[in-house]
Each structure stands twice: as structure tokens, then as C-alpha cells.
There are 2 protein chains.
Amino acid sequence: MQHPELFPKIDRPRRLPDEIAKNISSAIEAGQLKPGDRLPTEQSLSDQFGVARTVVREAISLLKYDGVIQARQGVGAFVTEARQRSAFRISPACFEKRKQLVQLLQLRTGVQADASALAATARTVGQLAGIESFLQEMVSAIAQGDDAVERRVDAEFAFYRAITEASSNDYYVEFIGMIEAKIFENLHSVAVKNAKATEWGTAVLAEHQAVFEAIRAGDTEAARKTTRDHFERAAQRLADRADIADV
Amino acid sequence: MQHPELFPKIDRPRRLPDEIAKNISSAIEAGQLKPGDRLPTEQSLSDQFGVARTVVREAISLLKYDGVIQARQGVGAFVTEARQRSAFRISPACFEKRKQLVQLLQLRTGVQADASALAATARTVGQLAGIESFLQEMVSAIAQGDDAVERRVDAEFAFYRAITEASSNDYYVEFIGMIEAKIFENLHSVAVKNAKATEWGTAVLAEHQAVFEAIRAGDTEAARKTTRDHFERAAQRLADRADIADV
DNA sequence: ATAAAACAGATTGTCAGACAACTGTTTTAT
DNA sequence: ATAAAACAGTTGTCTGACAATCTGTTTTAT
């Protein structure tokens, strides 16, 4: 990947159903449609939006999938209580405002720290070795200097992914993986830029090493704390640099 | 709600698209379709499943929504890398095997504990009062004895929801709310049965009080620890009693 | 001969209309 | 008056067609 920051993601020609779904969804968030309310009929919606009913149906099926609305054949589609959503997703909008980004990174920090804590007792020797290898990778990448920044960032991701897997809890793997992917997708270039700018090396590396030591020692609380320390600092660095609205 | 445990949830007549989506999804999980593979054409799928193409399209649109597959007009639909899923969901299958349930509750425990930790410093006095009111509600329900078990369980949920909201992090609210709803949906009757059987009262209530004290005192670490303690014990009680396969 | 342009085929995206299945209401039969 | 039957409205499914896009091939221009 070369110069990823030069060609930022473009808005692909959006699919109609996604567009419709977003429209309805934001109408619900805005309170124009409250829980319990009935949606207009599919026919009416397809008229209003000027699209075929199949498109409206796909849109609605997405919202049903997330538990935002519920449809009863012969009756209609209704907005469900806000409580019973059945999926957790991170929209691109989360990366637009600093406050949201900070909150997201806060959640990630906490979960990741827990994963480390679990890994401290659950990890096998094989997994420990795998984790250590990524630490070595980071050391070597740092020694190589600026040319290997990408490699270093990748190793960092891999390091914590290996730790997460060592927690032997599939939900942690899945959840962190999802958040990770979204952060990667939206902030990777920032992370790399950041890594280049930071007096890379000793300071940050020491944070990782502390995490590793805690996991090797099987010290649950230390693993949690060291991981939390690192990610809080990383979040700080990221949020400071990410060029987003300060709201 | 009367005797909810007497009429357990029935299998609603499933919609075709959901069924198809599940089929394809499990084919991917089973490894029959690997990342990068191309799905059969919509025409072919509709032939194989014996349904209309619109149904197949709705199914595929769900999988696209979760980032499991990606479609390119004129080319086909492809299975994406496992990394870049864009939603975290809890399927009913999670409650079928004890191991999975334990892992899920473990995740919940960790996140909830973090939320408490945040609430310890972020809560306003108003929020603190709200939290305390639910504690009072529990006390009064316990005093009332077995008749008020439902009320007590509800208050318990509300207590921790209030704490989560006091974390002033929307993602915690959303995420925990989602997990909560799923647990409620699948294990509420067990939780109630459990509450009835437990020597309700002093022991469990003391756990909640410890959490509240920590939050009142603004002690981050104590809030995390006490919350973790309670939920670990609760998970223990729940998993012991939940009548599910021991795998 | 080589490169550009046009073409053909396949596949997803959208459209239009019809009927089936279900629900709540109204009308009818007893 | 009560129960059964007809009715109208809505979601669920089916069918067939066309539009938009991509890939690979063939034709054409130079």
C-alpha cells in the first residue's frame, strides 16, 4: 500500500436500499418515528422515495435485522423499543467528531485490557511464544527506522490480536476484531502518520513490553493495568492528531 | 407478565430470507466458502434453494450489511476476510452451550465493570441519586419477600443500566444495552427462577451496595472490582442453573 | 503488429405487476 | 346476540423484464 493518505476513500455509488435504510433509520433517531409507531406501508414508502417496492423491502429487511423495526404480515412494520437492538455496529459517523472517537477508543481500551487480563491466565506457552514474536518484530522494525513504520504498526496490531486470541474467549476476538477493523479502516493513515512523528521507540515499546511481561508472569491485574496504560496513551496520541471536528 | 416460564418462546415462522441468510452464513462459518471465494450467482442460488431471486437478494443484502460478503455489480458476490465484519451480534445459539454462555457473561462482566469504573468519576449528583433509588427499590422489594421477585430483578437491571448511563459513554450504553437485551430475552426466566431460589437478600444486596459505595466515593478501581465481583458471582449462579448443554 | 474501440456475455441492481398469506374489520347468516 | 363469512389492507413471495456494470473477445484503425 503506497501513499494511502493521498487517495482517501471515495463515496462509492451507494446502493438504493442502503440509502433508504439510512433515511428511515435517521428518521427514527431524530424522533420523527417513535418506538411503537407504525411505518408507512411499503407501497407508500416506495412512492415517497420514488423507488421500487423491492428496494424498500431490502431497506426494511436491514432494519429488521438490527432489531430496529419489526414487521407483522398483514398488519405493518413497527418501530421497536430502543432497548432491544440486536446488533452493535460502528458507523463511519463515529469518526467524525472527537467526542465520539474518544468514547469509542475508551471502550476499546477497556475491552482490550480485559482481554489481556484473561490472556494472562489462559494463554498457552505456544500462544505466549507467538505474542513474543510480534514483540520481536516490533523491535526489529524499530531498529530499521522510518522505512519500516508500516511494518511496525502492523506488528503492533498483530501483537494485541494475538493477546486477544490467547484470552480464549471468542467473543473478545470477535468484538475487538470488529472495532479494530473499523479503526483501521478509518484511522490507519493517521496511525501511521502518528507512528512516524512520535519519537518512536523506547517509550512506546516499553509499554508493550510491560504488557508482555505481565502476561508472561500470569499477573491478571498487571496485564489489565499495563494494557490500559498503553491504550489510553495511544488514544491520546491518536485523538490529538486525528483531524476531526472538535465537538 | 404472569408465569413467563410456562410459555417459553416459540419458533416463529421464519422468513425465507432469514433462513437463506443463515444457510449461507453457516456455510461460510463451516469453511465451505472461504474468504475470497465467489458465491454462486443469485440465479443459481434461487434455483438451489427453490425460492425467488428477490428472496435470495434480501438474504445477501443482510450478509452485505454485516460485511460478511461484498458484491460487485457485473462480477459477483464474494466472501470477505473474516477480519472486516462490521457488526457484532449475539445469536440465540450463544445460549445453547454452556461454554459459550460463560464466555458471553465474561465479556459482559468486563464491560460492565469498566462502565462502573467510568461512572465512578463521571457521574453527576443527579445520576448518583437515580442509581441509589434503584438500590432502595431492591431493598424494599426484598423486604416484600417472594411476591416481589420480578420487581427485584427489574430493579437490579435498572440499577446497572443507570450506572452504565452515568458513565456518559454512549457506546457503553449501546453495547451493554444490546447484550442485556439478549440475555434478558434468553435467560430472564432463569434469572427469576434463580432469584427465587437464592437465599435472596443480604449476600447479593451487599454486592450491589459495595458497587454503589465505590461509585459514590468516586473510587474507580473499587467500582471496577466490586462490579466484577458481583457479575462473576451472578454469572456463576446463572451458568450453574441454566439448563443447557454442557459443552 | 499494436493499440484502441466496439461488441457480446454474464452478473448484480432496479423496476413493475401479480398473487399468496395473514390480520383486523365489517357484513351476513342463524 | 353470536358465530361464521366475506372484505379490505398489508406484508411476503413469485415472475419476468430491463438497466448498469464488469470481463473477456473481437473488430477496427493506425
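Below, chain A is the first sequence line, B the second, and so on; all start at residue 1. Because only heavy atoms are used, hydrogens play no part in the values below, and waters and symmetry mates are left out as well, while side chains stay in.
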Phosphate OP1/OP2 of [N] contacted by [X] side-chain N/O (<4.0 Å):
X	N	result
B:R57	C:dT12	no
B:R72	D:dT23	yes
B:R15	D:dT11	no

Sugar-phosphate only, base, or nothing, as touched by A:T54 at under 4.0 Å among non-hydrogen atoms: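 Base, at least one base heavy atom under 4.0 Å.
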Looking at [N], which nucleotide sits across from it as a Watson-Crick or G-U wobble partner, both distances under 3.5 angstrom, or is there none?
N	value
C:dA29	D:dT2
C:dT11	D:dA20
D:dG12	C:dC19

d([atom1], [X]; [atom2], [N]) in whole Å:
X	N	atom1	atom2	value
A:L16	D:dC18	CG	C1'	15 Å
A:D18	C:dT14	CG	C1'	14 Å
A:E58	D:dT13	CD	C1'	14 Å
A:R53	D:dC14	CZ	P	13 Å
B:Q73	D:dT23	CD	C1'	14 Å
A:K64	D:dT10	NZ	C1'	12 Å
B:Q43	C:dG13	CD	P	14 Å
A:F78	D:dG9	CZ	P	16 Å

Within the 6.0 Å centroid threshold, strictly below: A:F157 and A:F134: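 That pair fails the under 6.0 Å test.
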B:V55, nearest nucleotide to its side chain (from D:dT23, D:dT13, C:dT12):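 Shortest atom-to-atom distance from the side chain points to D:dT13.
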Pairwise 5' ranking along DNA chain C for A:G74 and A:P17, keeping only the more 5' one: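 In this pair, the answer is A:P17.
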Starting at [atom1] of [X], measure out to [atom2] of [Y] and round the result to the nearest 0.5 Å.
X	Y	atom1	atom2	result
B:L62	B:I20	CG	CD1	11.0 Å
A:L39	A:E42	CG	CD	9.5 Å
B:Q100	A:D170	CD	CG	7.5 Å
A:S25	A:L63	OG	CG	6.0 Å

